[in-house]
Amino acid sequence: MLSARNVLLGGMLLRAGMLLYGLWQDANMTVKYTDIDYNVFTDAARFVWEGGSPYQRSTYRYTPLLAWVLTPNVWLHPTFGKWLFVACDCVVGELVIRIVRARGMSEQTAAAYSALWLLNPQVANISTRGSAESVVCAVVMAAFYAFQSRRVALGSVLFGLAVHLKIYPIMYALPLLVILDRATFDVRPASPPSQPRKRSDGTTGARLAGLVNAHRVYFFVVSSGVFFLLGAAMYSMYGTEFVHETYLYHVSRKDHRHNYSMWFLPIYLTFRSPASVAMGLVSFMPQAVVVAVLGFVYGHDLYFAAFVQTFAFVAYNKVCTAQYFMWYMCFLPVIWPYNSQRLFYKALVLLGMWFGSQALYLQQAYRLEFLGENTFIQLWVAGLVIFVANNWILQQICLSQRVVPLFGPGSLTLQQLDKKQQ
């Protein structure tokens with residue numbers, strides 16, 4: 001029987017099995033299962049456990065908080081971090097179930113959609129290999145669920161923590177500010193037809209004043225306060241090195257290694273040139289504009305806004321690896337129920353485009369890394385194919401999505417929406 005409990009149990013067993021298999025592969029095969037980032041985390045944890053700085057480990061570009069959380073890798077067991085990431089994976093799955101149940105779906109339906117995350121082997125592979133992305137996903141989803149439950153204080157604290165852990169969730173501030181509109185966020189009885197709600201005078205001053213309310217101010221003060229307090233604590237211990245490695249590095253990052261991004265080859269060719277700075281700005285500007293527009297246009301539907309923002313952010317980013325896909329895949333089970341039936345028949349085509357473009361890239365990467373062939377141009381072309389495919393996929397999803405506000409007059413459940421459209 002399909003139930004939330006069974007899907008959760010299946011997700012746990014899948015991850016436990018993959019994690020144990022990974023231990024065997026690491027011990028017996030030349031190609032290791034564990035991601036190199038996990039070794040970086042463990043080395044950084046060892047340094048802080050011994051009283052040093054996590055940045056003594058080169059390529060550690062994260063908050064020291066993560067290194068401190070992973071110190072049991074040193075004094076308890078080397079696989080502690082992997083089990084933690086698996087637990088965060090399961091937390092995301094549980095939150096998905098609660099979120100879709102709160103939007104009016106049955107437990108069985110919620111379980112079916114949560115399987116898109118919990119029983120997804122790609123998601124399980126990333127966390128069991130030792131990627132920490134599931135930690136950020138869990139904190140972001142918990143923050144969104146808190147706002148959905150109208151718990152602004154808890155949501156604001158969690159959002160500040162999420163941005164501290166990784167800077168990219170800052171883009172969700174725009175849709176969060178959109179939903180924190182008093183006219184829709186506050187629970188109010190509908191006005192009788194004979195007494196319509198009084199409209200504002202429509203002046204520019206009145207409209208600007210309407211943008212500022214207690215919820216938005218509270219969200220800004222609390223979330224930024226948490227972010228800066230955590231930052232101040234880390235700065236007091238590790239100084240400017242913390243600011244540079246955790247945040248500034250990612251703004252000015254120039255990754256010369258091949259990755260899914262179409263910007264890889266131009267950055268590679270100009271790596272030692274002043275032109276690389278301009279290249280970084282050129283790559284950032286369209287990304288920022290697209291992400292901001294999507295957040296504003298779809299802001300009232302928080303989860304869909306976050307999904308399309310993140311999908312575009314990853315597609316336009318100057319560095320893109322498979323673990324970044326988790327950033328938007330955690331929202332997929334929540335928005336999928338609100339897709340029209342038209343997209344259902346296109347799903348295989350969309351998945352084929354998504355996986356096929358990556359397969360084309362991986363074929364060229366295999367020739368470069370394992371056969372020693374010069375396939376840099378082919379890799380760049382494959383990156384362009386991935387970029388075009390992702391833009392087309394995003395367009396199709398937007399055209400097929402039934403955008404439903406999280407709060408307010410239009411915030412119908414899926415069942416109510418279906419009845420209305422019949």
Side-chain angles (χ1 to χ4, degrees), residues 7-27 32-50 54 57 59-98 114 117-146 157-169 226 230 233-234 246 321-327 329-330:
V7 173
L8 269 172
L9 181 61
M12 292 177 186
L13 292 175
L14 172 65
R15 286 159 176 77
M18 294 180 74
L19 201 156
L20 293 174
Y21 164 78
L23 296 178
W24 177 87
Q25 180 174 326
D26 286 342
K32 305 302 181 184
Y33 184 83
T34 298
D35 193 294
I36 186 63
D37 282 348
Y38 190 73
N39 296 328
V40 173
F41 298 153
T42 302
D43 289 345
R46 182 175 294 106
F47 281 123
V48 298
W49 181 249
E50 294 172 352
R57 176 44 159 109
T59 73
Y60 184 80
R61 315 291 186 186
Y62 312 90
T63 170
L65 186 61
L66 179 62
W68 277 107
V69 170
L70 295 179
T71 52
N73 280 13
V74 180
W75 56 264
L76 181 61
H77 196 275
T79 63
F80 169 83
K82 291 186 178 182
W83 291 107
L84 174 64
F85 302 155
V86 164
C88 289
D89 254 359
C90 295
V91 167
V92 172
E94 173 63 24
L95 286 168
V96 166
I97 293 170
R98 295 190 181 196
S114 68
W117 174 269
L118 287 167
L119 301 183
N120 187 325
Q122 184 177 24
V123 172
N125 173 260
I126 290 173
S127 60
T128 55
R129 289 184 65 210
S131 171
E133 305 307 327
S134 61
V135 177
V136 183
C137 290
V139 177
V140 168
M141 292 297 282
F144 281 14
Y145 181 61
V157 170
L158 290 171
F159 183 75
L161 174 60
V163 178
H164 173 79
L165 290 173
K166 214 148 200 177
I167 197 66
Y168 82 88
V226 170
L230 288 172
M234 298 300 108
T246 305
T321 61
Q323 64 192 41
Y324 292 6
F325 301 154
M326 289 184 68
W327 297 352
M329 289 177 69
C330 62

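Within the 3.5 Å criterion, the main-chain N or O of G81 finds a donor-acceptor partner in the side chain of Y38. The backbone N or O of S127 sits nowhere less than 3.5 Å from a side-chain atom of S131 that would complete a donor-acceptor pair. Remark: the backbone N or O of D26 is paired with a side-chain donor or acceptor of K32 at under 3.5 angstrom.
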Pairs of donor and acceptor atoms involving the side chains of residues 43-50, under 3.5 Å and at least two apart or interchain, shall be tabulated with distances.
unit_1, atom_1, unit_2, atom_2, d
D43, OD1, R46, NH1, 3.2
D43, OD2, R57, NE, 2.8

Indicate every side-chain donor-acceptor pair of residues 14-22 with a distance under 3.5 Å to a residue at least two apart or in another chain.
unit_1, atom_1, unit_2, atom_2, d
R15, NE, D89, OD2, 2.9
R15, NH1, G11, O, 3.1
R15, NH1, L118, O, 2.5
R15, NH2, W117, O, 3.3
Y21, OH, Q25, OE1, 2.9

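Using a 4.5 Å heavy-atom threshold, the side chains of L70 and T42 count as separate. Between V69 and V135, the closest side-chain pair of non-hydrogen atoms is not below 4.5 Å.
One finds the NE2 atom of H164 at 2.5 Å from the OG1 atom of T63 (value rounded to the nearest 0.5 Å). Atom-to-atom distance recorded for S134:OG and Q323:CD is 10.5 Å, nearest 0.5 angstrom. Atoms SG and CE, from C90 and M12 in turn, are 4.5 Å apart once rounded to the nearest 0.5 Å. In this structure, OG1 in T128 is found 11.5 Å from CZ in F85, a value given to the nearest 0.5 Å. The CG atom of N125 sits 10.0 Å away from the CG atom of N120 when rounded to the nearest 0.5 Å.
Screening residues 118-130 for salt bridge (Lys or Arg N to Asp or Glu O under 4.0 Å) gives D35-R129 as the qualifying pairs, with residues at least two apart or on separate chains.
Partners of T321 under the side-chain hydrogen bond (donor to acceptor under 3.5 Å, both in side chains) rule, at least two apart in sequence or in another chain, do not exist in this structure. With sequence neighbours excluded, the residues that form a side chain to side chain contact (heavy atoms under 4.5 Å, CB included) with T79 are L23, H77, W83. With sequence neighbours excluded, the residues that form a side chain to side chain contact (heavy atoms under 4.5 Å, CB included) with L76 are P72, F80.
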task: Report the C-alpha separation of T246 and K166 in whole Å, then their side-chain angles, then the decisive distance to 0.1 Å, and conclude whether the side chain to side chain donor-acceptor pair (under 3.5 Å) test is met.
output: CA-CA 8 Å; T246 305; K166 214 148 200 177; over 6 Å; no
field: Evaluation steps, ring pair (Phe, Tyr, Trp, His ring centres under 6.0 Å), between F41 and Y62
entry: CA-CA 9 Å; F41 298 153; Y62 312 90; 5.1 Å; yes
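The heavy-atom pair separating S114 from V7 by the smallest distance is OG-CG1, 3.5 Å. Taking all atoms of both residues into account, the shortest heavy-atom contact from L66 to A132 is CD2-CB, 4.2 Å. Across every non-hydrogen atom of A138 and L95, the tightest pair is O-CD1, 3.8 Å. Of all heavy-atom pairs between G10 and L119, the closest is C-CD2, 3.7 Å. Here the shortest heavy-atom pairing between A322 and I126 reads O-CD1, 3.6 Å. The minimum heavy-atom distance between V92 and C137, with the atom names listed, is CG2-C, 3.9 Å.
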